[in-house]
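Start at 1 with the first residue, then count along the sequence. Both ligands and their constituent atoms are indexed starting at 1 by order of listing.
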Amino acid sequence: MNETRIIEALTVWFAAHARDLPWRQTRDPYAVWVSEVMLQQTQVKTVLTYWRRWMRVLPDIASLAAVDAGKLHKLWEGLGYYTRVRNLQQAARLIVARHDGRFPKDFEAVLDLPGIGRYTAGAVCSIAFDQPHPILDGNVIRVLTRLFGIPGNVRERETNRRLWQLAEDLVKRTCRRQPKGSPSLFNQSLMELGALVCTPRQPRCGDCPVSDWCSARQHSHINDLPNLGPRPGTLQRRFAAFLVRDGRRFLVRHRPAGGVNAHLWEFPNLELASQDDAPREAAQRLFGFGPETIELLGVLKHSITCNRITLEVFALSGCPRLSASGVGEWLTAHQMARLPFTAAHKKIRLRFAPAGARRLKA
Ligand code: SF4
């Protein structure tokens with residue numbers, strides 16, 4: 001059967017070519033779990049630094065369950081999608097409460113934890129516990145659709161179901177091989193092939209261990225697969241952010257719990273309604289009174305999912321009432337550097353209010 005030879009070829013290739021990543025040096029389910037959550041939406045080279053620092057500061061489930069929200073968010077600052085880190089802590093607290101602080105081995109119990117879906121549960125249970133559960137992320141989807149010539153839109157339910165079934169058949173077949181194969185190594189080999197060889201553009205088919213059986217290669221469909229359906233449109237949005245200072249201190253605010261980017265810090269800002277929406281009026285709407293002077297400091301570009309954000313940064317002066325208004329908090333550049341900021345506002349902080357800078361424009 002081709003499937004058996006594919007499994008054999010992939011695991012042999014993985015043994016010889018796998019990257020030496022620190023979370024592959026351990027079978028600690030906590031370490032694997034943290035790496036998998038960080039790797040969602042984030043590249044390996046970025047995750048390396050974050051994961052090492054995280055494991056130094058929060059080496060186990062108990063330390064994650066106990067850490068305060070400020071420190072937790074600071075460790076995640078820059079990775080984005082902050083719901084992930086809040087779910088990590090919520091899940092850690094449940095593991096302490098329900099499982100005596102030990103990561104559960106039962107797949108259903110893992111799936112029951114906040115922020116853990118079928119992919120993450122499959123990844124942790126297969127990689128850490130060597131259980132035959134499938135995984136299906138972007139890399140695996142690319143490999144499977146090309147290898148088995150699956151033309152359907154992968155975002156549609158039927159194609160998605162078929163891909164999960166295929167991934168499950170393969171990982172289960174791994175266990176039936178003689179000698180018995182490892183679900184952990186097989187799943188990782190699929191992901192690694194997608195990351196290193198079967199890449200979105202210009203896959204290295206000449207170096208691919210399964211090219212002999214690859215449908216897309218045989219039928220010249222590589223560039224058509226995977227079928228991702230129509231691309232979602234992008235949304236152009238324009239924001240004004242205001243740098244208001246009182247001597248060495250800047251006005252910043254803490255985003256409220258429950259909303260987007262909850263618990264993170266930012267400079268006062270608001271979305272402008274249109275290209276004609278003037279920043280002075282925007283400041284008036286935000287603070288309740290207009291500034292004496294308003295000066296454009298710079299324009300930053302930022303993208304989140306399909307949002308293309310233009311962030312115009314203004315220095316305001318002549319807002320004496322703001323100091324006593326109770327709008328936000330007044331912090332020095334050094335104090336701000338210790339706090340987690342949203343990605344866009346971290347850019348503002350580093351560019352216009354860096355810790356260590358002597359005197360910024362008043
Ligand atoms: Fe991907 Fe090419 Fe390998 Fe097919 S032969 S699985 S397209 S790298």
- Task: May I ask you to list the atoms of ligand 1 that are less than 4.0 angstrom from any heavy atom of Cys214?
- Result: 4 (Fe), 5 (S), 6 (S), 7 (S)

- Determine the interplanar angle of the Phe250 and Phe267 rings, folded into 0 to 90°, and report it as parallel if under 30°, tilted if 30 to 60°, perpendicular if over 60°. perpendicular

- Message: Pairing donors with acceptors under 3.5 angstrom, does anything connect the side chains of Arg146 and His221?
- Response: no

- Specify whether an N/O/S atom of Cys205 falls short of 2.8 Å from atom 3 (Fe) of ligand 1. no

- Counting each atom of ligand 1 from 1 as listed, which ones have a heavy atom of Arg146 under 4.0 Å away? 7 (S)

- Report the nearest protein non-hydrogen atom to atom 3 (Fe) of ligand 1: residue, atom name, distance rounded to 0.1 Å. Cys208 SG, 2.3 Å

- Measure the acute angle between the ring planes of Trp76 and Trp54, then classify it against the limits of 30° and 60° as parallel, tilted or perpendicular. perpendicular

- Would Ser182 and Asp130 count as having a side-chain donor-acceptor pair, cut-off 3.5 Å? yes

- Should we count CD of Gln43 as having more than 12 external heavy atoms under 6.0 Å? no

- Message: Quick test: of every protein heavy atom, which one is nearest to atom 1 (Fe) of ligand 1, and how far off is it to 0.1 Å?
- Response: Cys198 SG, 2.4 Å

- So which bit of Ser211 gets within less than 4.0 Å of ligand 1, heavy atoms only: side chain, backbone, both or neither? both

